[in-house]
Amino acid sequence: MEFLLYFGEVFTPFNFGLLVLGTVFGLIFGATPGLSPTMTVALAIPFTFKLEPTAGLILLGALYTSTVAGGAVSAILLRIPGAPANIATTLDGNAMAAKGEGAKALQLSFLASLVGGLFGVFLLITLTKPLSEWALIFGPSELFWLAILGVTIIGSLDSKSLVKGLLSGCIGMWLATIGFDDMLGAQRFVFHPSLGGGINIIAALIGLFAIPQVITMLAGGRIDTAAQVIQVQKHKITDAMRELVKRSRAATIGTFVGSVIGLIPGVGGQIAGLVAYDQSKKFSSEKDKFGTGHSEGVIAAEAANNAMVGPSLVPLLTLSIPGSPTAAVLLGGLLIHGIFPGPDLFVNHADVAWTFINSMLIGQILMCVLGLLVAGVAAKVAQVPKHVMAAIVLALAVYGSYSVQTSMGDVYVMATLGVMMFFLERFGFSAAPLVLGLILGPIAEENFATGAMIANATDGLAPYFLTGRLNIILIVLVIASIAYSGWMELRSRRYTSKEEIIG
């Protein structure tokens, strides 16, 4: 019950104001197609640089929570998912809106998000402290393998190709070596004066996630492709609450599926929503209504993709392994404030950790209340022409990259990485494993160097890194994650080949 001691910090005027601000902007950005939760959080990190760590994390956490929920607005009213996590919501949400039940669908989506989100944060509160205490036994060798595990999990699961995903992670780890070697004091791969101090993580985050989206938006020219917003009819919130209670099975399935998937690093909200939708349909007595505007589909999908938010932070805060691409960006937000998640987090920074977690609990309630109020406005923002939205995002990207160190070098790095990522995405590479390699690369290198010094003074390198119960477990997990992803990729290719033959 330690978290109760830090609730008061959330309600200080400044912190609570940031929580409200982050929730409102998160809902609006979430409802805007193309502005994913990951990109939104990455763009916001520079604005937290001058804030206290607690205040900065409150803002980032509010944006993360509300952008996931806000994506339901465009999914329901525009039939365009605001984020990949809202793909399943479009299946029944837009059909409900087309039948004149848009308000009901929005109310159910935010209420279901509240149910799933609250459970997910309670799971975060319950599991984080015990796991962090268990993680105290980790030494340099175990931390090295944890960093490798983080890269392989994200690399193998957040990409359509196992090889390309792992290669993205390796590129990120190579980029992390640019700059000075802390052990030897020598420069490495410094091709330009802008790289003398290494790659700034904030500039990298903004470039890798925002710039490819900006280029994609501008590629369409000035053609107005804004979708028409379906008119929202009035609907009593009490009726939506009764509907949610009536469809409690869908909410329960969505919450359970989302929570479990959230705990598995690298899977993501889109998987949670689709799996929950599928399972809810299988257990429903009205299977034939799914896809025609059935409320159970909306409830299951939104409960799932918000239930995974809290659990996705459990491996991040305890083992420094992000549970999702957005959690990987949050890891960068922690590191710029000098906070390293892991075994010592709840020892050295208990006030920051618990206040951040408590703010996410309160943020779920704010997300539901404010979401119901600003849903209509958010849907209209989603109609802003793409070239205008691209210009706004580009301006934020340049300002954010420059403001951290007041250096144009960071802007050059941001732009270069962004353009590089745009072309890499065209060939099937993913930004998430690359970013994680960039973040976890120095952690892996530092712990390997420390472990090597210990190993040379004891039994040697191989026994130190390849023996011991925890080392063996982590090595097996690394191999298993790669093998499982390879098997799933081969299975998917075989299934596609069969479909082509049948077709």
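Small disclaimer: the values here were computed from a predicted structure and weren't measured.
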Non-neighbouring partners of Ala307 that pass side chain to side chain contact (heavy atoms under 4.5 Å, CB included), sequence neighbours left out: Thr255, Ser259
Evaluate side-chain contact (heavy atoms from CB on, under 4.5 Å) for Val309 paired with Tyr64, printing each intermediate quantity in order. CA-CA 8 Å; Val309 171; Tyr64 183 15; 3.9 Å; yes
Please list every donor-acceptor pair under 3.5 Å in which a side-chain atom of residues 4-13 meets a protein atom from a residue at least two apart or in another chain.
residue : atom : partner : partner atom : Å
Thr12   : OG1  : Glu9    : O            : 3.1
Thr12   : OG1  : Asn15   : ND2          : 3.2

Using the side chain to side chain donor-acceptor pair (under 3.5 Å) rule, collect all pairs that involve residues 357-370, keeping only residues at least two apart or in two chains. none
Distance from Phe429 atom CZ to Leu166 atom CG, nearest 0.5 Å? 11.0 Å
Without swapping roles, check the side chain of Ser401 against the backbone of Val398 for a donor-acceptor pair under 3.5 Å. no
Within a strict 4.5 Å, meaning less than it, do heavy atoms of the Ile125 and Trp354 side chains meet? yes
Please step through side-chain contact (heavy atoms from CB on, under 4.5 Å) for the pair Phe119 and Leu114, ending with a clear verdict. CA-CA 8 Å; Phe119 184 85; Leu114 175 63; over 6 Å; no
Shortest non-hydrogen contact from Pro46 to Ala42? CD-O, 3.5 Å
What are the two closest heavy atoms between Met421 and Ser430, and how far apart are they? CE-C, 3.6 Å
Which residues satisfy the ring-ring contact (aromatic ring centres under 6.0 Å, His included) test with Phe465, sequence neighbours excluded? Phe144, Phe448
Hey, could you give me each pair passing salt bridge (Lys or Arg N to Asp or Glu O under 4.0 Å) that has a residue in residues 437-446? Not counting sequence neighbours. Arg188-Glu445
Who pairs with Ser141 by side chain to side chain donor-acceptor pair (under 3.5 Å), at least two apart in sequence or on another chain? Asn471
Quick one: CD on Glu425 to CG on Leu208, what's the gap to the nearest 0.5 Å? 9.0 Å
Just so I know, are the side chains of Val329 and Leu60 near enough to count as touching, which here means a heavy-atom distance under 4.5 Å? no
Identify, with sequence neighbours excluded, every residue that meets salt bridge (charged side-chain N to carboxylate O under 4.0 Å, His left out) alongside Arg242. Asp239
Going from CZ on Phe25 to CG on Leu63, what distance comes out if it is rounded to the nearest 0.5 angstrom? 9.5 Å
Qualifying residues under salt bridge (charged side-chain N to carboxylate O under 4.0 Å, His left out), relative to Asp278, sequence neighbours excluded: Lys282
Any non-hydrogen side-chain atom of Ile237 less than 4.5 Å from a side-chain atom of Leu111? yes
What distance separates Ile171 CD1 from Met173 CE, expressed to the nearest 0.5 Å? 12.5 Å
Val478 vs Ile475 side-chain heavy atoms within contact, under 4.5 Å: no
Can you name the side chain to side chain contact (heavy atoms under 4.5 Å, CB included) partners of Val388, sequence neighbours left out? Val384, Pro385, Ile392
Residues in side chain to side chain contact (heavy atoms under 4.5 Å, CB included) contact with Ala112, at least two apart in sequence or another chain: Leu244, Ile299, Glu302, Ala303
Would you name the heavy atoms of Phe16 and Ile362 that are closest together and state the gap between them? CE1-CG2, 4.3 Å
Are the side chain of Thr48 and the backbone of Ile45 linked by a donor-acceptor contact shorter than 3.5 Å? yes
Does the ring centre of Phe47 sit less than 6.0 Å away from the ring centre of Tyr399? yes
Rounded to the nearest 0.5 Å, how far does CG of Leu474 lie from CD1 of Ile148? 11.0 Å
Counting C-beta onward and ignoring hydrogens, is there a side-chain heavy-atom pair between Val413 and Asn200 closer than 4.5 Å? no
What's the shortest heavy-atom distance between Thr67 and Pro37, and which atoms? OG1-CB, 3.3 Å
Kindly indicate, with the supporting measurements, whether the criterion side-chain contact (heavy atoms from CB on, under 4.5 Å) is fulfilled by Phe110 and Leu27. CA-CA 11 Å; Phe110 283 112; Leu27 288 167; 3.8 Å; yes
With Tyr412, which residues qualify under ring-ring contact (aromatic ring centres under 6.0 Å, His included), at least two apart? none
Gap separating the OG1 atom of Thr89 from the CG atom of Leu108, nearest 0.5 angstrom: 11.5 Å
Beyond-backbone contact of His349 with Pro53, side-chain heavy atoms, under 4.5 angstrom: no
Counting distance only, does the side-chain N/O of Thr318 pair as donor-acceptor with the main-chain N or O of Val314 below 3.5 Å? yes
Restricting to non-hydrogen atoms, name the atom on Gly139 and the atom on Glu142 that form the minimum distance, rounded to 0.1 Å. N-OE1, 2.8 Å
Tell me, do Val298 and Tyr277 make a side-chain contact under 4.5 Å, heavy atoms counted? no
List the residues meeting side chain to side chain contact (heavy atoms under 4.5 Å, CB included) with Ala397, not counting sequence neighbours, and say none if there are none. Leu43, Ile206, Ile211, Met414
Please lay out, stage by stage, how Leu57 and Leu51 fare under the test side-chain contact (heavy atoms from CB on, under 4.5 Å). CA-CA 9 Å; Leu57 287 175; Leu51 297 175; over 6 Å; no
Side-chain heavy atoms of Ser109 within contact of Ile76, under 4.5 Å: yes
Could you pull out the closest heavy-atom pair between Met360 and Gly61, with the gap in Å? CE-O, 4.3 Å
Sidechain-backbone polar pair: Thr65 side chain, Ala62 backbone, donor-acceptor under 3.5 Å: no
